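So the structure is just underneath, and the comments pick up after that.
Every chain is numbered from 1, with letters handed out A, B, ... down the list of sequences. Owing to the predicted nature of the structure, the values given are computational and were not obtained by experimental measurement.
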There are 2 protein chains.
Amino acid sequence: MALDLFERHGYAATTVDQIAAAAGITPMTFFRHFPTKDAVLVTDPYDPLIAESVAAQPEALRPVERVRRGLLAALGEISAAEDATARRRVALVATSPALRAAVVAGTEETQAAIVERLVTGGCPRLDAAVAASACLAATTTALLAWGSEPEDVTLAELVRRALDQLAPVGSAS
Amino acid sequence: MALDLFERHGYAATTVDQIAAAAGITPMTFFRHFPTKDAVLVTDPYDPLIAESVAAQPEALRPVERVRRGLLAALGEISAAEDATARRRVALVATSPALRAAVVAGTEETQAAIVERLVTGGCPRLDAAVAASACLAATTTALLAWGSEPEDVTLAELVRRALDQLAPVGSAS
DNA sequence: CCCTCACATGTTAGTGACTAACATTGGCGG
DNA sequence: CCGCCAATGTTAGTCACTAACATGTGAGGG
């Protein structure tokens, strides 16, 4: 599949024509299944779950803390869905600027979802956007790092460690 | 110039050919001056300054706090360089996913510079990357928000407010 | 059993960002 | 005045992605 081609020749050096040929379809058909070349590797089905999870945290918390706890709470269900190729995909994404950009573009939607929930909870929009973007950046950084970690390191572990850095001093997790 | 075209027709709808024609040059020549279309709007001359500023903060601080203070310290010199078109550029960047992606790609270099300084100070690489990405995300969010703020709101003000959210509880700035 | 409708796929042709190889100009020191 | 270097132009190509239209194939109803 496409993943193999990317790993062999690099993401940029692999053309959509090659992927399509390897899959026995036309380039046209490829674009009917995936809106962009990078969509083969980068997907983002968790937005609603995460937004819910953030909204479920106590409104009294400061925005960063609310988002942080929301992400940690969502983490269980998400990392359970880690399939076998997840790490390979992530490792690949980490190697290409274009792919990293695609990931960030994807998280923009997650960020927007979180911001909406925070704003309806009375949080000023700027503060909400800052809290969401900072926490998601930390999470994304952990995700990308995970790709080059040894097999036995879990994603949840890294994300937890990342988000702990944004916790109020003295209180871990 | 290109900025006017972008504002009139939108970034995506403005082709490099049009920009080149408006400037009285060939598309080819355009690409000799700017590596990409987005480079007209997105530039990043501050990396070394910021990295220095981060390194100048006490090593004893937690990584996030060190980066945070470093960014705040660098803020003075940077926002002094705000020229007249800065706000227009930022407002434009905020409107286009492709341009926001370009900004993020640009910050990756800044992040890398910061991480190097933190790592040589004894900070684990993951923690350094997380701290840098979170603080830079907060800063970038403030920057983008600035584009749609009223004239009298300064960039420094917004960035300060953004970074204050990542400060240890109870201590502002 | 055939017909038809719908949907997945193919075909062709184009646009726009970017690149490489090579030609051309223009000013400036010798 | 000559040659040299740098900036610019020319041509032709690659690759991601799109639009308009054609084809084929399978499922369901007559």
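- Shown here are the ring-ring contact (aromatic ring centres under 6.0 Å, His included) partners of A/Phe31, two or more places apart in sequence or in another chain: there are none.
- Using a 4.0 Å cut-off between charged side-chain N and carboxylate O, B/Arg68 and B/Glu65 make a salt bridge.
- No side-chain donor-acceptor contact under 3.5 Å links B/Ser53 to the backbone of B/Leu49.
- The side-chain heavy atoms of A/Leu41 and A/Phe6, taken from C-beta on, include a pair separated by under 4.5 Å.
- Between D/dA7 and B/His33, no contact under 4.0 Å exists linking OP1 or OP2 to a side-chain N or O.
- Taking A/Glu109 as the reference, nothing meets the salt bridge (Lys or Arg N to Asp or Glu O under 4.0 Å) condition, with sequence neighbours excluded.
- The NZ-C1' distance, from A/Lys37 to D/dC15, rounds to 8 Å in whole Å.
- Two residues are said to be in side-chain contact when any heavy atoms from C-beta on lie closer than 4.5 Å; A/Leu75 and A/Leu71 fail this criterion.
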Identify each donor-acceptor pair in which a side-chain atom of residues 147-155 of chain A lies under 3.5 Å from a protein atom, sequence neighbours left out, and give them as a table.
| unit_1 | atom_1 | unit_2 | atom_2 | d |
| --- | --- | --- | --- | --- |
| A/Ser148 | OG | A/Ala145 | O | 3.3 |
| A/Thr154 | OG1 | A/Ala156 | N | 3.4 |
| A/Thr154 | OG1 | A/Glu157 | N | 3.0 |

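- In this structure, A/Met28 places its CE atom 15 Å from C1' of D/dT23, rounding to the nearest Å.
- First and last contacts of DNA chain C with chain A, using any nucleotide atom under 4.0 Å from a protein heavy atom and ordered 5' to 3', fall at C/dT9 to C/dT11.
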Please tabulate, for the side chains in residues 124-132 of chain A, all donor-acceptor contacts under 3.5 angstrom to protein atoms that are two or more places apart in sequence or on a different chain.
| unit_1 | atom_1 | unit_2 | atom_2 | d |
| --- | --- | --- | --- | --- |
| A/Arg125 | NH2 | A/Glu116 | OE1 | 3.4 |
| A/Arg125 | NH2 | A/Glu116 | OE2 | 2.4 |
| A/Asp127 | OD1 | B/Arg161 | NE | 3.1 |
| A/Asp127 | OD1 | B/Arg161 | NH2 | 3.4 |
| A/Asp127 | OD1 | B/Gln165 | NE2 | 3.3 |
| A/Asp127 | OD2 | B/Arg161 | NH2 | 3.4 |

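- Sorted by residue number, the members of residues 1-26 of chain A with any non-hydrogen atom under 4.0 Å from DNA chain D read A/Thr14, A/Thr15, A/Val16.
- Across the protein-nucleic acid pair, A/Phe34 atom CZ and D/dT18 atom C1' stand 18 Å apart, rounded to whole Å.
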